[in-house]
Amino acid sequence: MYQLNERQQQAVEAISGAVLVLAGAGSGKTRVLTERVAYLINEKNVAPWQILAITFTNKAAQEMKERISGVVTADMRDMWISTFHAMCVRMLRRYADKLGYSSNFLIYDTDDTLRLLKKILERMGLKENKSYSDRYIKNLISKYKNDNTTLDFDQYAEERNPFVAEHAGEIFDEYTQELHKQNAMDFDDLLLNTLLLLETDGEARTYYQNKFHYILVDEYQDTNMVQYKLIKILSEGYGNIFVVGDDDQSIYAFRGANIRNILEFEKDFPGATVIRLEQNYRSDKKILDVANCVIKNNEGRKGKTLWSDIDEGEKPVLYTANSEYEEAETIAREIQRLSDEGMRYSDMAILYRIHTLSRILEEKLRLYAIPYRIYGGISFYERREIKDMVAYLNIIANPAADLQLLRIINTPKRAIGTAKVDALARAAEYNSISILEVMQNANVLLTDKTLIKKANEFYEMYRRLSDGYADLTVHEVLERAYEVSGYKKMLEEEQTPEAEARIENIAELINSAYTYDEEEDASLEGFLQNIALITDLDSMDDKGGVTLMTMHAAKGLEFDAVFVAGMDENIFPSQRAIDEDNVEEERRLCYVAVTRAKRRLYMLHSNMRTLYGRMQPSVQSRFLDEVDQDLLNCIGKKKPVISAKPSAPQGKQGLFQGEFSFQKKAAPQKVTGDYKIGTVVEHKTFGRGKVKSIAGEGDSRVAVVDFYEAGEKKMFLAFASLKILK
């Protein structure tokens with residue numbers, strides 16, 4: 001058995017009645033869950049099949065099975081260790097007939113659900129009504145089911161969006177009936193139908209209440225109302241309900257998680273025992289002091305204070321940058337310094353509140369040849385909406401770019417289906433011209449009247465996009481493409497969280513165009529070339545890479561060094577959270593981000609941020625104001641100073657050793673010099689060195705330079721600003 005501390009041992013041995021374990025970040029909750037099951041089986045002779053353990057992911061369930069199997073001798077195959085959904089499927093397979101389903105019912109995934117909703121909307125004549133997009137309706141139905149409200153769906157929909165209220169109830173009824181007719185359930189139905197079964201069928205309820213003598217639930221703060229009710233009913237048999245969670249890490253309200261479930265546990269289960277696990281085994285004491293400073297400002301919490309015996313590291317850093325460029329470059333340079341000191345790239349992470357912040361971070365990391373990976377997502381320039389908008393720019397700059405044209409020919413939808421696209425491609429091949437030229441001459445080259453009409457409409461749209469583009473700035477071309485193509489309208493009418501995120505990403509792409517336009521000889525072709533070069537460079541090497549992720553994605557992970565970027569008011573906390581009076585969840589998110597760090601923590605704020613081409617003042621996040629300044633190493637200027645694309649001082653000195661000022665840096669100049677192995681070069685930051693190797697061709701050449709002081713660095717020659725000495 002593992003060596004447990006006093007609180008952990010108490011949690012393991014408290015086997016009677018209701019028990020709430022408030023497990024702080026890094027306090028060993030998984031160890032407690034594992035040892036509790038082992039204690040029940042090995043010491044109390046409880047049969048494995050009498051234990052139900054619920055986790056939130058299949059991976060966590062599998063890990064728990066493996067850990068428990070390693071500490072017990074009993075056959076674990078009959079013990080239920082699963083996610084909520086897997087548990088419900090198992091119950092429904094046994095009792096599906098009680099609800100009018102057969103035991104071999106189908107489970108509809110997201111794609112299945114969307115296809116069914118599309119058919120229903122088409123049948124109701126609502127397919128072209130953008131208020132009733134399939135994704136929006138799907139999300140609305142899912143939220144309705146998880147909220148487990150007593151309202152009818154049409155009432156529920158009217159409260160959230162009056163524009164869909166007229167047909168909402170009819171759509172929901174059609175959807176429900178169609179699923180039942182096909183002997184199918186969606187993922188939300190698995191939970192709801194199991195709850196219905198246990199509430200209405202005495203046989204099923206009695207069977208499972210008698211079966212499970214002990215119930216354990218992990219991540220209890222993430223449960224929704226349906227999951228709470230399921231646990232409440234199942235535990236009524238023997239009353240032995242053991243839940244582990246952290247109210248300070250409840251950050252998934254947008255997925256339906258209800259923090260009241262953990263805050264009101266003692267009210268729901270009178271006489272419950274509450275055990276606080278407050279010793280952290282992960283982070284340095286100085287990092288936990290920062291986390292405690294922030295989270296204590298939340299009113300909706302049970303209350304606990306994390307502490308640690310680890311007290312070896314340096315003070316967490318609060319860095320105030322002049323601009324987002326300085327912020328990103330500062331992070332990149334400090335990562336290099338930590339790497340030079342021996343810290344692995346894979347042990348470092350950059351966290352941000354919103355995906356759009358990753359663009360500048362990615363560009364800076366690539367510029368300094370720092371390997372990285374996007375965790376739980378994709379690189380900024382690989383996102384669908386970004387690739388779509390870049391495709392529009394490509395056909396403006398190069399009308400013969402058939403591949404790019406085919407990407408967006410029907411995005412937004414223009415009723416140019418596969419058969420019509422094939423006809424256009426055949427005509428282009430037969431006449432040895434581009435597809436766009438076929439559209440330009442559709443009246444002559446095509447015979448299908450419908451296709452001629454669609455081709456003329458598309459070409460007219462293209463003409464409006466490209467007319468006089470050479471006389472416009474890149475951001476003007478991009479904004480025109482976003483508007484004229486109909487892409488902007490498409491996203492605005494979708495009304496889903498996914499669409500909102502895509503709108504933010506395109507806004508950031510436009511922002512990057514504003515910045516690029518400041519460079520000398522800026523052109524659309526140059527902008528596209530820069531993007532192509534950025535996306536072409538391999539971002540990983542055999543050492544692994546720095547992890548970039550949102551704070552939500554970071555929950556459950558840990559890193560030696562964590563950089564929390566974009567700690568500006570209205571970014572973190574977000575403007576929406578402020579408007580909706582939901583700052584407490586944002587503060588919990590900050591707590592999660594800070595407690596991911598084991599040895600080094602950096603929190604960064606920018607005095608100025610570029611928004612739609614204008615540098616605007618920004619104030620630091622209120623969460624930074626809540627931290628005792630004596631706990632931090634505060635670096636950087638407090639007053640806004642407008643500065644573009646800044647660079648740090650020369651030399652190898654660490655960036656966080658003291659305060660320094662940044663100078664305006666000229667845009668990287670593409671170098672066409674005659675680089676060879678052995679060429680002596682000079683870099684503004686790394687000093688002098690020799691070229692060791694060169695790979696690639698043209699602007700895609702990557703060189704390994706052995707700098708006399710900074711060591712080996714891999715650099716894109718097109719952007720490295722290297723001066724040839726000899």
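Keep in mind it's a predicted model, so treat the numbers as computed, not measured.
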**Request:** Check whether any side-chain heavy atom of I635 sits under 4.5 Å from a side-chain heavy atom of V317, and report yes or no.
**Result:** yes
**Request:** Flag the pair R599 and E312 as a salt bridge only when some basic side-chain nitrogen lies within less than 4.0 angstrom of an acidic carboxylate oxygen.
**Result:** no
**Complete:** In terms of heavy-atom contacts, Y220 and N261 come closest through CE2-O, 3.1 Å
**E498 vs R502, salt bridge (charged side-chain N to carboxylate O under 4.0 Å, His left out): CA-CA, chis, key distance, verdict** = CA-CA 6 Å; E498 292 83 359; R502 293 169 71 191; over 6 Å; no
**Fill in**
Applying side chain to side chain contact (heavy atoms under 4.5 Å, CB included) to D309 and not counting sequence neighbours gives Q279, W307
**Asked** Taking atom CD1 of I262 and atom OG1 of T223, what is their separation to the nearest 0.5 Å?
**Response** 8.0 Å
**Asked** Any Lys/Arg nitrogen of D222 or K555 sitting under 4.0 Å from an Asp/Glu carboxylate oxygen of the other?
**Response** yes
**Request:** Indicate yes or no: at least one non-hydrogen side-chain atom of Q227 is less than 4.5 angstrom from one of F56.
**Result:** yes
**Prompt:** Any Lys/Arg nitrogen of E63 or R67 sitting under 4.0 Å from an Asp/Glu carboxylate oxygen of the other?
**Reply:** no
**Item:** CA sep, side-chain torsions, deciding dist, call: R301, D248, salt bridge (charged side-chain N to carboxylate O under 4.0 Å, His left out)
**Value:** CA-CA 7 Å; R301 64 189 296 257; D248 291 334; 2.8 Å; yes
**Prompt:** For V217 and F84, what are the C-alpha separation, side-chain angles and deciding distance, and is it a side-chain contact (heavy atoms from CB on, under 4.5 Å)?
**Reply:** CA-CA 10 Å; V217 185; F84 271 102; 4.3 Å; yes
**Message:** For D568, run the side-chain contact (heavy atoms from CB on, under 4.5 Å) check against R353, E324, H605, Q620 and tell me which one passes.
**Reply:** H605
**Fill in**
In K387, E363, E362, the residue satisfying side chain to side chain donor-acceptor pair (under 3.5 Å) with Y381 is E363
**D246/K304 ion pair, N-O < 4.0 Å** = yes
**From CA spacing to verdict: side-chain contact (heavy atoms from CB on, under 4.5 Å), R609, L357** = CA-CA 11 Å; R609 282 200 186 269; L357 294 183; 4.2 Å; yes
**Prompt:** Salt bridge or not for R333 and E329, using N-O below 4.0 Å?
**Reply:** yes
**Fill in**
d(M551 CE, I354 CD1) to nearest 0.5 Å is 9.5 Å
**Message:** Run the salt bridge (charged side-chain N to carboxylate O under 4.0 Å, His left out) test on R600 and D560 for me, step by step, so that the C-alpha distance in whole Å, both residues' side-chain angles and the decisive distance to 0.1 Å come before the verdict.
**Reply:** CA-CA 6 Å; R600 303 296 301 271; D560 283 347; over 6 Å; no
**Prompt:** Which of these, L604, V564, L361, V562, sits in a side-chain contact (heavy atoms from CB on, under 4.5 Å) with I350?
**Reply:** L361
